[in-house]
Every structure is written in C-alpha cells, then in structure tokens.
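One structure below.
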Amino acid sequence: MNRDTFHRPVENLTTPLARPLAALCLLAGIVTNTVFGSELPATSGSPLQIRFNHPAHDWETESLPIGNGALGAAVQGGISRDTLQFNEKSLWTGGPGAKDNPAQGYDFGLPRESRATALTEIRSELARQGQLPPERVAKVLGNQVTAYGNYQSFGDLVLEFAHGEQVQDYRRVLDLDSALAKVSYTANRVRYTREYLASYPDQIIAVHLSADKPASLNFSASLDIPDNRSVQRKSEHGRITISGRLHDNGLGYETQLQLLADGGRIETEEGGKLTIHGANSATLLIAAGTEYAADYPRYRGTHPHRKVQTRLDRASSKVIDGGYPALRDTHITDYRELFARVDFSLNTPCRSLPAGERSTAPAGFACKQAPTAPVPPIDQWLKSYGTGNEALDRALEQLYFQYGRYLLISSSRPGSLPANLQGVWNNSATPPWNADYHANINLQMNYWPAEVTNLAETTAPLFDFIDSLQKPGAVAAEKLLGTRGWTLFLNTNIWGFTGVIEWPTAFWQPEAGAWLADHYYEHYRFNNDEDFLRSRAYPVMKGAALVWLDGLVTDPRDGKLVVSPSYSPEHGDFTAGAAMSQQLVQELLKNTRDAASRLGDITFVNELNRALENLDPGLRIGNWGQLQEWKQDLDDPHSRHRHVSQLYALFPGDEIGEQTPNLLNAARVSLQARGDAGTGWSRAWKVALWAHLHDGDRAHKILAAQLRDSTHPNLWSTHPPFQIDGNFGATAAMAEMLIQSNDNTIQLLPALPKAWDDGSVTGLRARGDVTVDLHWRANRLSEARFTAGRDRTIELQLPQNADAEYTLRDASSKKILALDGKGKRRSFSARAGRSYLLSRQSLQQKKAGEK
Ligand code: FUC
C-alpha cells in the first residue's frame, strides 16, 4: 500500500503545486445548498425536482441521470456503498476489428455483391401479386448481421463509507433548474451531502462530498471496470488511471479519476482504491474517452490518453484555484443558458394576475395554487397522478415536459454522438436493441423537441452523425438499391452500419435517409440560417433525393412513381407505394426543390419537378373513411399496431392539415381506430397527432396514460424496457399542444386541454425564426409575445375559442400597431430583434374603444 498524506493533484497540473492548498480547502468548504429545496424559487412555481427518499433499488427504474452529451452517469445514491455507473458515448463493441465473426469481418450490413437482380425479382413479384409476406422479402434482400456491436457501460465509480446503513432524513434529488443531483442524509448526527454533476464546458463528471461537521468524511473511492476489456491500472497522488482495449474490437479507452480533498489523509492502495480519513470535504473528478473517430471505414482516431489527462488536469486546477463552486458555477451557467430559455407553468397562481384583475376561471378551476416545495417523492407522486390532486398533476406534467428538455441537453451536446435509444445512459453489455440508433421513428423522435423547445444547438450531434453516414450510405444505396445518393435502412450503430438486417418485419426502411435529411431542412425552417442550408443541409438532402430520382419505379397499376418494395414500419405485408414511403419521399423531394431553388440549382429543381409531377403522394381515403396505410385498401379497423406510419403526413410531416379537411378527417378516423394505448414512444406520437387534430383533451388523456403506464418512477419512458424516445416525444407533443407552425402560420394554443385551464409558456420557437411566449387564463389566450429573429411578416392563427378582440403593441414602446386579417387568421410585420405583444381586450376595454 502506498500511503500519502496528501490532498493535491498529480504533477502535470498547469497550476504551481506550491499554491496554498488552504485556499482549496476553504472554498470547497463553503459549498451551500442554495439550489435545492425552497431556498431557490423555482422558475415554474413548483420546484423542478425529482426526489426519492431512498437509494435506487434498481438501475433502470430509479437511477437519476446526469450527462453532458458525451458522458452520462446514473446516480444510485447507496448509503454505505454508492455506485455511480457511467458512460461515454463512443464505447461500443462491434465494427471494424470485431471478433464477432472474424472470417467474414465487419461488412456495414452490406452484401458483397450488388442486390440489383434480387431487387428486380421482388419488384416483379410485387407487381404480379400485389403483396408479399415479410419473410419472403427478407429471405431475398435481408442480410445476416455480423459484428454490429453494443453500446457499453464504461464502468462504476464505487464509494464506500464507514458510517454503515443506519441514517436519517435520506434524500436523493435531481434538480432540473441546475442539472445537479444530490444525496444527503444524517448519520451519527452528521449531515452528509454528495453532489453530482456532468459538466459540458469541463467535459468531466464530478462528485463533491461534504459534511456539516469538520473532519467527518471517511470513505474510499475506486473504479470498477467491466471484464470485457483489458485493464491497466495506475494509481498515484490521488489519481487512478485505467486504460486498455475492448476484447471484442480492440477499441482503446481510458478513464481517469482524481480525488481532491480538503483536510484529512489519503491512502492510495495498489489495486487502485483511494481511501480518505477525516476530510472536511472532497471532490472526485472523472474524465473518460475512447479512440473512436467518426471516420469511415476505420473509425479509429488517436488514443484518448492526452485528451482525458488534459481535461482532468484542467478541471483539477479549477477546483484547486476556485474550489468546487468554480466548477459547479461554470456548469450551471452553461446548462442554464439552454435550459432556462423555456418556462412552462400550469395552474398559474392568482398572485401572478395583473393588479386589480380577477381570475376569469370558472368556479372549481379558479386560482389553483401551484405546489411549492416540498413536493412528494417522485414514486409516490407518480402513483398519485390522476387520483384527484389536480395541482400536483399539473406540476408533474410541467416537470415531465422539462425533464425531456433536461434529458436532451444531457445526452446531446456538440462534439459527440447523438442521443441513442437510451440517450447516453446504459449499464449493460447487451442493452435492448443494442442501445443503437433506430431510424424508423426512434432517432427522429429523439430530436422532435429540439427546435420547438428552443434547444436547436442539441441537433449538432445528429447532423454530424448523419454527415458521417454519407460515405457508407452511398455504398448502401449503390449495392442495395442500385442508385446514386446515400441512405440507410432500419438501424445504425456508430460504425457506419447502413445496410440491412434480417428481421422480416423491420429490416427494410430505405426511406430512413429521406426522413433524416428532412431534419436538416426543419432546422433551416426554424432558424433560417442560409449558411447552414447551403453548406450542411443541401448536400445531404440532395444526396438523399438522388436515391429516389433513381430508385422510384413506375406502378403498372396507374403509371405513378412509387417506392417498391415498400414496407409500412413493422406492420403488414410488403407492397409497392405504402403511404409512409410515399409521404417521406414526397416531403424530401419538395423540401429539396425549395432548397435548390433558394440556392439557384435550377437544373436540379427541374429534375425534382419532373419526379414530383408523377409521384404518388401516399394520401388516400379508404372504404371505412380511414387514411390508407397502403396503396391498396388493406387497413384492418381492428388493428391496434403501435406504429401509425400513414399519419406521418399529419405529424411530423405537414401535408395534412386544415387545408386538407377530408384527409384530416380520414386521419382522425385512422387514429381513432388504432386506439389510445401503445408503448412509450407510440403514446407520445399519438399525443402529438391528436394535438395536430386540435383535440387537446384527447391528447391530454393519452399523455396522462403515458405518465401512468409507460413511465418509470425516475420518469424515464418505458417501451418497456427503458427507451428514451418516449420522453422526447412527449415533451415535443406537449409543445405541439401549445404552438404549431408547420405551414408557416403560427397557431396559438391549437390543442389546449381543459385540464390546462390557466398557464403560461415562454420561449417556444416557431418556424421562421420567431420566439413565442403565451399566457392563457380560463382556457383562453390572454396574451402572446413574439420576438422576431429577422424582418418578416408573422402569420397567426388564433385559438379556436378566441372570442374577443386582440390588440397588437410594440412590446417596448407599447404603441398600438396594425394587425391585419380577420377572424382567426391575423398577420403583422415584424422587425428583427423586436418584440410584439398581442393582448386580448377585456370587455371594458372593448366597450371603451367602441364609444
Ligand atoms: C422500432 C419499434 C420498436 C422499438 C425499436 C427500438 O423498431 O417498432 O417498438 O421501439 O424501434
């Protein structure tokens, strides 16, 4: 055993080691708890906190997640033994070099030879027979998967405490306002506190331990690394360094743990355990990385040693110089810059009404006070949801909405991979669906809340990832479809898997590339960034469009251009021209045409126009009034399948809306028939679809069922098992209940449920670079504020129940401005950087105006 009476970092810190350590000790000691409990008035009236009064009994259902995009950790909060399981997004088995099937090697899911002949064979069979069982098509076009790999856990930070299990007033809290998790309890009359964070600016995970009596901290810290990799350990001067390679694919990894203490004595054991005796407080810092690089075909970059070391050195210096609060403040400032953009508040307390005004809410709904701290522990809160306490129910919905935003910020920041099926959190070597990227709804749904809830920056990892699929995706398009351009099929990993698997009812989704390319255009539509359109969006969209300019076939039934073979996700038989295939291709070709004409690529506009003229749009009404899922009228009114793919055109697409009343009605018939049940993500999609059918009560009913039946106590969405898309989908869907802007008209409160009688939301984003705040009372819009990012005409659609006159004012001068239009449709011209207030006139104001 190597003993050290030390509390300092390793040699290569940039700060002089001579710096008085007393400074660190003092600063670390003054950590306060002001971001917890009632000391900080939470922005939404009720505190945005998830609290358990016990340690996690189970990783999946009770962990509290923290993350910075690349790194994630699951806070369990054990009393005498705490396990902080952590992840780094690029630690995957599989891919190049994987031992899974050495004879064959990694093939990206692609056959050696072109499948052109097989494709023609299937197309002819479909033309002859109309339908084919999925097993038949998979036999011909499927591919046995090799070396696909799995997202891995990086390891566990294990903390062991000498005080035993008997403690009082245990709390484990995740605070969404500050992105801090905290565990606290009293043992032997000492209040112990552990605070956990994952900092984006410092690229580390930190745990800060403190006690309210000096010299009371006694614990050990070690790293447990799964046994599917080689492990070299080094431990000196309070730092543990572990590096090695995954047995499966040789991927190099490294993690370092630094212990910094205020007071006490550290012992460093040879096996790598750090033990501290009698400290006042201590900070543990973790950095981790791999040699993964998103470069086709090798996917290897430099060894992560330097990167990991530098990050840990810098963070350690920060703590030594400014104390743990310096690290924490940088983290909170960075996080809040994104998170605090949107405030969502239901049950607006009466005190927020302007002076002298009385609530107009009907009796029984009037002035429900939002609960203030402390709210119940989350497991009890969730159980009590829907059993009568409306104020708590609304507060839980607020929390759930903001949790989706929290999870997106925590699992998708620039510089790393996008949020996978579990965001960034996984504790298994073989997680469900490999914790990969499924592209027949899941990856897309992860990013539904990004623009509308004002987190556009979180899309950067998605676009970097799709950019990195261009090369392998081009090989996939060529080999599997015989076309130019790029695409992928059902699923992908971090190793450029763009080919096919063999699962008959899921393997064939060649429109996945089209769908993902549309996300680039959505980003442009929200932010109107012409540079992004030119340099990032257009090349990807054009490549995705080329697949269909080459790959559409003429349907002998009516001479229209269709996708063949085509498969409506995970439902029914193979056919030609299923609704979703056609809708996705049409949307892509139209968006690409718009982009091409903006950018002056007229030759391509003409090419796209020729295809669009003859394209089957995938929008048909069938014999029971439904929106057909297939070109043939095959829909079973009794099917309750979780995918509702034919409704893509209603949401997230926008071909169906008020401008197409018959199709809108048919969409309603189809959705009604499918029922309200579903898995986590499926329910979330239905909430958004009912929001687009302008039925807020139905949307709310399904949202409530999602909370009751598809949500774990830690508020992670469950398929089951845990799958994060349901969280993201629900947050997006709640935003769609409040604002929609698909057809460039901003619809205000299009699907406000009765249960959300009083409330406000600030900071939502509408297409056309507009930020919108809304206030409503007694289910009626009372005020809206629009802040324009650029000069433009803002087109509005007032809520369906708007019965009063609305006045428009310049928000700073309060000057009344012209509001054009009549009835529900209004418009006004806005200047970049200015805000405008639309206010409902009270009856008195109206009468005064008429005199
Ligand atoms: C799609 C869904 C499944 C599951 C999987 C990860 O294929 O149909 O239900 O969510 O993705």
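Distance check, rounded to the nearest 0.5 Å: CG of L627 to CD of E629 gives 9.5 Å. Separation of atoms CZ (R536) and OG1 (T459) is listed at 9.0 Å; rounding is to 0.5 Å. Rounding to the nearest 0.5 Å gives a distance of 8.5 Å between CD of E783 and CG of L838. Atom-to-atom distance recorded for T679:OG1 and H719:NE2 is 4.5 Å, nearest 0.5 angstrom. Considering CG of N779 and CG of L749, their distance stands at 9.0 Å, rounded to 0.5 Å. Put simply, CG on D616 and OG on S581 are 10.5 Å apart, with the number rounded to the nearest 0.5 Å.
Nearest approach of E795 to S827, heavy atoms of both residues: OE1-CB, 3.8 Å. When all heavy atoms are compared, the tightest approach of L819 to R826 is CD2-NH1, 3.6 Å. The two residues V553 and S564 have their closest heavy-atom pair at CG2-CB, 3.6 Å. Closest approach of A684 to A730, counting heavy atoms only: CB-N, 3.4 Å. Of all heavy-atom pairs between A595 and M541, the closest is CB-CE, 4.3 Å. Contact between L619 and Q583 at its shortest, heavy atoms only, is CD2-NE2, 3.6 Å.
Judged purely by distance below 3.5 Å, without hydrogens or angles, the side chains of T575 and D573 never pair a donor atom with an acceptor atom. Side chain to side chain, T807 and Q841 meet the donor-acceptor criterion of an N or O pair below 3.5 Å. A donor and an acceptor atom, one from each side chain of N440 and E570, are located under 3.5 Å apart. Side-chain contact, R825 with T745: a donor N or O sits under 3.5 Å from an acceptor N or O. For the residue pair D633 / Q626, a side-chain donor-acceptor distance below 3.5 Å is found, with atom types taken as modelled. A donor-acceptor pair shorter than 3.5 Å can be found between the side chains of Q723 and D725. In this structure, a donor-acceptor pair under 3.5 Å is present between the side chains of E451 and N527.
With contacts defined as side-chain heavy-atom distances shorter than 4.5 Å, the pair L738/W776 qualifies. Using a 4.5 Å heavy-atom cutoff, the side chains of V562 and Q582 are in contact. Proximity of Q797 to P750: side-chain heavy atoms (C-beta onward) are nowhere separated by under 4.5 Å. Side-chain contact between Q444 and P652: absent, with no pair of heavy atoms (C-beta onward) separated by less than 4.5 Å. Between R698 and K686 there is no side-chain heavy-atom pair separated by less than 4.5 Å. Proximity of N446 to N442: side-chain heavy atoms (C-beta onward) are nowhere separated by under 4.5 Å. Counting only heavy atoms from C-beta outward, the side chains of L546 and F604 approach each other to under 4.5 Å. A 4.5 Å side-chain heavy-atom check between Y836 and S829 finds every atom pair outside the cut-off.
Taking the six-membered ring for Trp and the full ring otherwise, F339 and Y406 have centroids separated by 6.0 Å or more. Separation of the Y400 and Y403 ring centroids does not fall under the 6.0 Å cut-off.
For T458 (side chain) and A450 (main-chain N/O), no donor-acceptor pair under 3.5 Å exists by modelled atom type. T487 places a side-chain N or O within 3.5 Å of a backbone atom of P510 that can act as its donor or acceptor partner. Between the R674 side chain and the H638 main chain, no donor and acceptor come within less than 3.5 Å of each other. Side-chain atoms of Q740 never come within 3.5 Å of backbone atoms of H694 as a donor-acceptor pair (strictly under, hydrogens ignored). A donor-acceptor pair under 3.5 Å is formed between the side chain of N727 and the backbone N or O of S717. Of the possible polar contacts, one joining the T592 side chain to the L588 backbone as a donor-acceptor pair under 3.5 Å is found. At distances below 3.5 Å, at least one donor-acceptor pair connects side-chain atoms of S682 with backbone N or O atoms of R642.
Salt-bridge annotation for R525 and D654: present, with a side-chain N of the basic residue lying under 4.0 Å from a carboxylate O of the acidic one. For R394 and E397, the salt-bridge test passes: some basic side-chain N is under 4.0 Å from an acidic carboxylate O. Checked for salt-bridge contact, D697 and K754 meet the test: a charged N lies under 4.0 Å from a carboxylate O.
When each of R593, R534, K542 is checked for a salt bridge (Lys or Arg N to Asp or Glu O under 4.0 Å) with D601, only K542 meets the rule.
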Pair F463, H523 - check ring pair (Phe, Tyr, Trp, His ring centres under 6.0 Å), show working. CA-CA 10 Å; F463 298 137; H523 185 71; 5.4 Å; yes
Evaluation steps, salt bridge (charged side-chain N to carboxylate O under 4.0 Å, His left out), between K631 and D555: CA-CA 11 Å; K631 188 162 179 174; D555 190 335; 2.8 Å; yes
With salt bridge (charged side-chain N to carboxylate O under 4.0 Å, His left out) as the criterion, how do E658 and K824 come out once you've worked through the C-alpha distance, each side chain's angles and the decisive distance to 0.1 Å? CA-CA 13 Å; E658 283 184 338; K824 308 273 180 283; over 6 Å; no
Dump the intermediate steps for side-chain contact (heavy atoms from CB on, under 4.5 Å) on K560 and N614, then the final yes or no. CA-CA 5 Å; K560 291 284 182 191; N614 221 7; 4.1 Å; yes
Would you check, one step at a time, whether the test salt bridge (charged side-chain N to carboxylate O under 4.0 Å, His left out) holds for R785 with D773? CA-CA 5 Å; R785 175 192 288 260; D773 306 341; 3.8 Å; yes
Mind running side-chain contact (heavy atoms from CB on, under 4.5 Å) on T771 and R765 for me, showing each step along the way? CA-CA 5 Å; T771 307; R765 296 277 294 162; 2.9 Å; yes
Tell me, with the steps shown, if L615 and W548 meet side-chain contact (heavy atoms from CB on, under 4.5 Å). CA-CA 10 Å; L615 183 72; W548 298 109; over 6 Å; no
Apply side-chain contact (heavy atoms from CB on, under 4.5 Å) to N665 and R668, showing your working. CA-CA 5 Å; N665 205 38; R668 186 177 292 110; 3.1 Å; yes
Between K590 and E587, does a salt bridge (charged side-chain N to carboxylate O under 4.0 Å, His left out) hold up when you go through it step by step? CA-CA 5 Å; K590 281 186 169 178; E587 182 175 79; over 6 Å; no
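The ring-ring contact (aromatic ring centres under 6.0 Å, His included) contacts involving residues 640-662 comprise W448-F651, W515-Y648, H571-H641, H641-H643, H643-W681, F651-H692, where partners must be two or more places apart or lie in separate chains. Evaluation of the ring-ring contact (aromatic ring centres under 6.0 Å, His included) test over residues 786-809, restricted to residues two or more places apart or in two chains, returns F786-F828.
With a 6.0 Å radius and a threshold of 12 heavy atoms from other residues, nucleotides or ligands, R834 has its CZ atom at or below the threshold. No more than 12 heavy atoms of other residues, nucleotides or ligands sit less than 6.0 Å from atom CZ of R831.
R708 forms no cation-pi arrangement with Y385, by the criterion of a distance under 6.0 Å to the ring centre and an angle within 45° of the ring axis.
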